[in-house]
Amino acid sequence: MGKEIPTRSEDYSSWYNELVKKADLAEHSDVRGCMVIKPYGYSIWEKMQQALDKMFKDTGHVNAYFPLFVPKSMFEAEEKNAEGFAKECAIVTHYRLKSDPKNPGKLMVDPDAKLEEELVVRPTSEAIIWSTYKKWIQSYRDLPILVNQWANVVRWEMRTRLFLRTAEFLWQEGHTAHATSKEAVDETVQMLNVYAEFAERFMAMPVIKGRKSEGERFPGAVDTYCIEAMMQDGKALQAGTSHFLGQNFANAFDVKFATKEGKLDHVWGTSWGVSTRLMGALIMAHSDDDGLVLPPKLAPIHVVIVPIFRNEEELSKITVEVDKMAKTLRDAGYTVKFDNRDTQKPGFKFAEWELKGVPVRLAIGPRDLENGTVEVARRDTKTKEVMKLTDVATAIPKLLDDIQENIYKKAHAFRESMITRVDTYDEFKKVLDEKAGFVLAHWDGTPETEAAIKEESKATIRCIPLDAPEEAGKCIYSGKPSSRRVLFARAY
RNA sequence: CGGGGCGUAGCGCAGCCCGGUAGCGCGCCACGUUCGGGACGUGGAGGUCGUAGGUUCGAAUCCUGUCGCCCCGACCA
């Protein structure tokens, strides 16, 4: 009927696009490259925010908010960072419109309202934040500063895709300042671990932790760490990054502190972020041809209850049972939706809630009332069983845990099956073309080789995995010696 | 920025080549029958055909301009 989506094998790309729209997650806005995140999609993002925010607080961070606008001179202070983002910045040049004398009823930019200094719409906030930190920091006693902000940023991308890459997106960016290099590095790694834990425990999405090559590093960072995930079409997706900024921003913004010894030193920094891109990752990690598959820990609705009834009387009898059951589940902390619409038939509701990825569906009809039973269907495996009404309270929590675990295991098994070790360039290209996924191969460590491989194969070095064992080998491209394998893939 | 495609009812599309009363499916509204996997019947509402101009007796259709969006590539989280 009206809500079918293409299958993944037919056309992965339109499967994704249609799923995002049909599942009511988001839609294109009238503004190029921007999207409207719809209530159902936004509630998943809110779940992500809640979980992450707690993890940030638990590791000692606090939230703050910095401005959207960054004066151009401030933005350009850290040169590498500025250069890196320059070509995708939106710029505010004027502050007023006026009616257009040549076009009644229309407005025009008032040429008399030109800003003395242009304002850059933040593509990231290091500049405004470090210029602020300069005022906040005098002594080692002011350190560390552990601040996070939830915000929107704008990057004028040439090509956009819902959630994966939009001109404006939502994210969080942590910005910390420390007295020592070690402390900053530890923070960088700690937050990488927070992201990895979030991805695996909440999103049920296995990730590989690693370090970016020089070519893929965040502009202005000394070192960039990342988590990389594998999507069902064999393409990699960077799901989060954590940067050790060294003293680069402290140097650029002249942020110094008095040490215990009474000397002046520049502050050490980190920054780290994840964005609404995670929504794309979540969708592409688990969903199937029938629609979304959401991990219970991020699902806006855990259990949907569909009554099967022919008339008011039946519905009211069912409602009595459902109310009891729903209360028990809600008291246990689960979100329960009783879909008692009489305008849609059960089959329609089944399909709709499957499309929306609700982990568990209960169906209860006259037959169940007689038998004291309920039909329980799980979204991940699409299996159904009939259970006693009295068992629901204990069975559902277990079932939800099981679903959470099962989709993680499934994604993990898939990810493992999509890691291929190769030792020659021919093999490398063959795997990318015929199988895709991650490819573990030796690399000589030079940007030239990395660039050449990227140019020829479209694959990039996703990361140098943190757990990569020392292993002598030869670079697949140059034949030069290499001490460990790095992770290549074509990526989103 | 290069290549391709599309703007016609809320959504998806046909009509355009060959100008002549604007159509189909879904959705929507009403009523009835239905209701354990996307119901059916009957009746009904809904469109400045993206936009500006031109050709013509007459333009969704032909011509010119323009705006926007989507997809593929280069760039990127």
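Residue numbering restarts at 1 for every chain, and letters A, B, ... go by the order of the sequence lines.
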Fill in: Sugar-phosphate only, base, or nothing, as touched by A/Phe169 at under 4.0 Å among non-hydrogen atoms
base

Worksheet entry | Nearest-nucleotide pick for A/Gln238, side chain only, options being B/C28, B/G36, B/A77 | B/A77

Worksheet entry | 5'-most by nearest nucleotide on RNA chain B - A/Ala167 or A/Arg367 | A/Arg367

Item to complete: Run the numbers on A/Leu369 and A/Glu321 for side chain to side chain contact (heavy atoms under 4.5 Å, CB included), then give the verdict.
Response: CA-CA 8 Å; A/Leu369 286 187; A/Glu321 286 308 317; 3.5 Å; yes

Practice prompt. For A/Lys384, report the nucleic acid contact type (base, sugar-phosphate, nothing); a contact means any heavy atom under 4.0 Å.
Written response: base

Worksheet entry | Exercise: identify the closest heavy-atom pair between A/Gln172 and A/Asn148 | NE2-OD1, 2.7 Å

Item to complete: Please report the shortest heavy-atom distance between A/His302 and A/Val358, naming the atom on each side.
Response: O-CG1, 3.7 Å

Worksheet item: Rounded to whole angstrom units, what separation is found between the CE atom of A/Met158 and the C1' atom of B/A77?
Response: 15 Å

Item to complete: For A/Lys212 and A/Thr241, indicate whether the former's side chain and the latter's backbone hold a donor-acceptor pair under 3.5 Å.
Response: no

Worksheet item: Does A/Arg211 use its side chain to pair, donor to acceptor, with the backbone of A/Tyr225 at less than 3.5 Å?
Response: no

Worksheet entry | Non-hydrogen atoms of A/Thr176 and A/Trp130 that approach each other most closely | O-CZ2, 3.7 Å

Worksheet, complete the sentence: Between NZ of A/Lys21 and C1' of B/C71 the distance, given in whole Å, is 11 Å

Fill in: Main-chain N/O of A/Asp289 paired to A/Thr7 side chain as donor or acceptor, under 3.5 Å
no

Worksheet item: Run the side-chain hydrogen bond (donor to acceptor under 3.5 Å, both in side chains) check on A/Glu126 and A/Ser271 step by step: do they pass?
Response: CA-CA 8 Å; A/Glu126 274 77 7; A/Ser271 67; 2.7 Å; yes

Worksheet, complete the sentence: Rounded to whole Å, CG of A/Asp11 lies from C1' of B/C71 at a distance of 10 Å

Worksheet entry | Touch class at under 4.0 angstrom, heavy-atom based, for A/Glu157 against every strand present | base

Discussion item. What I want to check is whether an N or O donor and acceptor connect the side chain of A/Lys349 with the base of B/G36 at under 3.5 Å.
Written reply: no

Worksheet item: With respect to the side chain of A/Gln344, which nucleotide from B/G36, B/C28, B/A77 is positioned closest?
Response: B/C28

Response to the item:
Rounded to whole Å, the CD1-P distance (A/Ile308 to B/G38) equals 11 Å

Distances under 3.5 Å between nitrogen or oxygen atoms of protein and nucleotides 65-70 of chain B:
residue : atom : partner : partner atom : Å
B/C69   : OP1  : A/Arg32 : N            : 2.7
B/C70   : OP1  : A/His28 : ND1          : 3.0

Discussion item. Need one value for A/Glu375: base, sugar-phosphate or nothing, where a base atom within 4.0 Å counts as base even if backbone is also close, heavy atoms only.
Written reply: base

Worksheet, complete the sentence: A/Pro346 has its side chain closest, among B/C28, B/A74, B/C35, to B/C35

Item to complete: Assert yes or no for the condition that the ring centre distance of A/Phe198 to A/Tyr195 is strictly below 6.0 Å.
Response: no

Practice prompt. Write down the distance separating the P atoms in B/C29 and B/G10, rounded off to the nearest Å.
Written response: 15 Å

Response to the item:
dist A/Tyr408:OH -> A/Arg201:CZ (nearest 0.5 Å) comes out at 12.0 Å

Discussion item. Taking the P atom in each of B/C16 and B/G7, what is the distance between them to the nearest angstrom?
Written reply: 13 Å

Worksheet item: How would you label the contact of A/Ser13 with the nucleic acid (heavy atoms, under 4.0 Å): base, sugar-phosphate, or nothing?
Response: sugar-phosphate

Discussion item. Any base atoms under 4.0 Å from A/Arg361, or only sugar-phosphate, or nothing? Heavy atoms, all strands.
Written reply: base

Worksheet entry | Pair of N/O donor and acceptor under 3.5 Å linking B/G37 base with A/Glu354 side chain | yes

Discussion item. At 4.0 Å (heavy atoms only), tell me whether A/Ser275 reaches a base, stays on the sugar-phosphate, or touches nothing.
Written reply: base

Worksheet item: Of A/Arg161 and A/Phe350, whose nearest nucleotide on RNA chain B comes first from the 5' end?
Response: A/Phe350

Practice prompt. Starting at atom CG of A/Asp24, determine the distance to atom P of B/C11, rounded to an integer number of angstrom.
Written response: 14 Å

Fill in: Whole-angstrom distance between B/C11 and B/U56, as gauged at atom C1'
35 Å

Practice prompt. Compute both the distance and the angle, then confirm whether A/Arg277 meets the cation-pi test with A/Phe163: under 6.0 Å from the six-membered ring centre, within 45 degrees of the axis.
Written response: no

Worksheet item: Does A/Lys345 put a side-chain nitrogen or oxygen below 4.0 Å from OP1 or OP2 of B/G36?
Response: yes

Discussion item. So A/Leu237, base contact, sugar-phosphate only, or nothing? Heavy-atom distance under 4.0 Å.
Written reply: nothing

Worksheet item: In terms of side-chain geometry, is the basic nitrogen of A/Glu76 or A/Lys72 positioned less than 4.0 Å from the acidic oxygen of its partner?
Response: yes

Worksheet item: Does A/Lys22 place a side-chain N or O at less than 4.0 Å from the phosphate oxygens OP1/OP2 of B/C11?
Response: no

Response to the item:
Closest of B/C75, B/G36, B/A77 to the A/Lys87 side chain is B/C75

If you restrict it to nitrogen or oxygen atoms, what contacts under 3.5 Å exist between nucleotides 4-9 of chain B and the protein, and what is each distance?
none

Discussion item. Could you tell me how far B/C28 sits from B/G12 if I compare only their C1' atoms? Round to whole Å.
Written reply: 15 Å

Practice prompt. Check the distance between B/C35's C1' and A/Lys317's NZ and give it to me in whole angstrom.
Written response: 16 Å

